[in-house]
Amino acid sequence: MTAIDAQAQIVIVGGGQAGGWVARTLRDQGHAGAIVLVGEEPHPPYERPPLSKGLLLGTAKPESTQLFPGEAWTKLRIDHRAGMRATRIERSAHRVALSDGTLIDYGALVLATGARVRRLPLDGAALPGVHYLRDLADSAAIAADLERPGRLLVIGGGWIGLEVAAAARKRGRDVTLVEAAPRLCNRALPPDLAEHLATIHAAHGVELRLGKTVTRLEGQGRVSRAVFSDGATLDVGAVVIGIGVQPNAELAAEAGLEIDPANGGIVVDDNGRTADPAIFAAGDVASHPNDLVGRRIRLESWENAQNQAIHVAKAIRGTAGGPYAEVPWFWSDQYDVNIQLVGLPQRWDRTATRGDPASGTFLVAYFDGPALVGAAAFNAGRDLRFVRRMMQLRVAVAPERLADPQVKLQDLLKPAH
Amino acid sequence: MTNVTFHRVAEATALGDGEARHVEIGDRQIALFNVGGSFFAIDDVCTHAFALLSDGFVEGDIIECPLHGGKFEIKTGKACAAPCTEDVKTYPVKVESGAVLVGIPAS
Ligand SMILES: Cc1cc2nc3c(=O)[nH]c(=O)nc-3n(C[C@H](O)[C@H](O)[C@H](O)COP(=O)(O)OP(=O)(O)OC[C@H]3O[C@@H](n4cnc5c(N)ncnc54)[C@H](O)[C@@H]3O)c2cc1C
Ligand code: FES
């Protein structure tokens, strides 16, 4: 594949985790030309996972989320247009228009625009005390409200909602969590594990309302009451809404780039390149083929934002040396429970459980016929790492061997004897 | 390497090839490794978020952080895989009469 000239100006739109890693890797790989990073947020690139964990608990500081702290960032010599939005791509002229009217030329353009929270069209959702969580400012506002008295209502039983609920409980707040689906993490977890997770939250004192919705939020100058679909009402001190995100793909769509109707992401190949050879995408916004999963996917994960971005930068430099293909990996921390997932299993006909769920430390692996298609680990990250390796290398494993605590997982990775 | 005080941290036989151990000297958290029969010491706390490298995975002379998969060269402390970009400190190590000693600079 043709590399982009080392002196060319490269423009990255989106100064999040993916944008930051593209910039850094371009320099690591010897790109000499200018690198312009257009980012709507005022900060240098940072990682979001602590926003719903350490920052709410007070165990991490906002500065610690920075991708390349202090001097490391300056040394990269990035022309960072902070607080600026890219508003239009002119593909034939090879330039991007910014919100202040500036036009910037590009030899290559990387779209790392990520995703934004989905809003809930609800009466009262604009009241003070009602939050969403995507950026540092959101996290700080929620942390401040966790200092106030009154019950926290979390709307949405996905990862973000559950992490916020856990942080609020740890900080001694009463918490109610409402989820429209009959179970938690509906898309990511099978029913038994969703049930296991619900038990953990109930044991920590979260009042769960599953299969219910909030129809209205009320308050004078600040949210103070929620009304539910079943007519119940609840006095609340603050509300956090976490009902998912949608990719920021409009800029690409308006420039005529293909959008994946299945997931809303920008269609790229296994090097992160769009049909326009000068335009790439990476991170939450990119819909990419993944041979190990066997289909086109768009991920919303820390690891993909990092590694796909690194890959795209290498593809631009002509040093990628192969397609981007990793087994998707995701984690979440709630209370003292570390949950890790690999793969994106859609169907399976067998499972293997290693460890005892009642002990809190266990792993469930999913098999579709003979193929290992995914696993979920509760406080069993070490085991999960081996399972992931098996998937990456497509090593054949028997479910009963995987479930056998006497069998070392390292040994299953060795070629059959 | 002037003003280095060596502290005895383990028996040389206590740590097999490819193994890691957490040791504390004063308020320093240190990871001690046996790589191919030689001992190396680096700061145990990952420079990314918070995890102990001695809980991680040794592959040859590379240690992989157990939390997010960042990697460091055990012999040099150099960060060599994302998300880690800041190196970890290294400490001199010597083996005397069957004991492993780690050198801490006097401050
Ligand atoms: C609270 C929280 C907790 C998380 N926890 C985990 C976790 O535990 N584990 C895990 O695997 N993942 C987690 N994630 C997901 C992970 O953080 C994301 O997948 C990752 O941030 C995606 O990176 P990105 O760079 O693609 O997009 P983003 O981080 O969304 O960055 C995109 C950036 O582009 C900017 N932008 C968008 N459009 C424009 C434009 N037109 N012009 C200029 N700038 C623009 C945006 O303002 C934003 O700053 C979490 C996410 C959140 C919000
Ligand atoms: S804490 Fe070590 S890689 Fe994140």
Side-chain angles (χ1 to χ4, degrees), chain A residues 17-18 20-25 27-28 45-47 49-50 53-55 57 59-61 64-73 75-76 301-311 313-314 326-327 329-331 333 338 340 342 379-386 388-389 392 409-410 413, chain B residues 14-24 27-29 31-37 42-90:
Chain A
Q17 193 191 352
W21 276 107
V22 170
R24 169 162 183 130
T25 311
R27 283 287 181 243
D28 285 350
Y46 63 93
E47 295 190 348
K53 306 176 182 74
L55 289 192
L57 291 167
T59 55
K61 292 207 157 46
S64 73
T65 62
Q66 259 193 49
L67 269 191
F68 314 117
E71 272 204 356
W73 175 239
K75 274 196 192 145
L76 292 175
S301 86
W302 174 92
E303 187 176 65
N304 178 64
Q306 170 185 285
N307 291 355
Q308 193 178 30
I310 290 175
H311 191 97
K314 288 181 175 171
E326 294 187 359
V327 181
W329 176 76
F330 178 86
W331 92 94
D333 292 310
N338 170 265
Q340 297 190 20
V342 281
N379 283 338
R382 294 188 85 83
D383 282 353
L384 188 99
R385 183 173 174 277
F386 291 111
R388 176 183 188 179
R389 196 60 71 89
Q392 188 88 36
L409 294 182
Q410 296 86 304
L413 268 169
Chain B
L15 211 62
D17 184 11
E19 286 182 355
R21 162 179 298 195
H22 171 82
V23 299
E24 284 178 22
D27 53 9
R28 281 176 208 259
Q29 314 210 56
L32 181 70
F33 297 91
N34 176 341
V35 179
I42 59 178
D43 265 339
D44 203 6
V45 178
C46 182
T47 56
H48 174 233
F50 185 85
L52 294 182
L53 297 175
S54 55
D55 288 337
F57 310 94
V58 179
E59 262 169 39
D61 55 2
I62 303 288
I63 175 71
E64 179 183 322
C65 177
L67 211 48
H68 311 114
K71 292 179 188 173
F72 298 89
E73 293 177 7
I74 293 170
K75 297 179 182 177
T76 62
K78 208 175 147 14
C80 59
C84 299
T85 54
E86 263 175 81
D87 303 345
V88 285
K89 266 201 226 59
T90 60

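Keep in mind that what you see is a predicted model, and the values were worked out from it rather than measured. So that the names make sense, note that chain A is the first sequence line, chain B the second, and so on, each numbered from 1.
Heavy-atom pairs under 4.5 Å with chain B peak, among Q340(A), Q17(A), Q306(A), R385(A), at R385(A).
Between H48(B) and W302(A), the ring planes lie tilted relative to each other; the angle falls in the 30° to 60° range. Relative orientation of the W329(A) and H68(B) rings is perpendicular, given thresholds of 30° and 60° on the angle between their planes.
In this structure, the side chain to side chain contact (heavy atoms under 4.5 Å, CB included) partners of D28(A), at least two apart in sequence or on a different chain, are R24(A). For K89(B), the side chain to side chain contact (heavy atoms under 4.5 Å, CB included) partners two or more places apart in sequence, or in a different chain, are R28(B), D43(B), Y91(B). Here E71(A) pairs with K75(A) under the side chain to side chain contact (heavy atoms under 4.5 Å, CB included) rule; sequence neighbours left out.
In this structure, no portion of P49(A) lies under 4.5 Å from any heavy atom of chain B. For I310(A), the part lying near chain B is the side chain, with the backbone staying farther off; criterion is any non-hydrogen pair under 4.5 Å. At a 4.5 Å heavy-atom cutoff, the contact between E47(A) and chain B is made by side-chain atoms alone.
The shortest distance between side-chain heavy atoms of V45(B) and L53(B) does not fall below 4.5 Å. Side-chain atoms of F57(B) and R382(A), non-hydrogen and from C-beta on, do get closer than 4.5 Å to each other.
Between K71(B) and E59(B) there is no salt bridge, since no side-chain nitrogen of the basic residue lies less than 4.0 Å from a carboxylate oxygen of the acidic one.
Against chain A, the residues from residues 72-85 of chain B that qualify, each with a non-hydrogen atom under 4.5 angstrom away, are A82(B), P83(B), T85(B) in number order.
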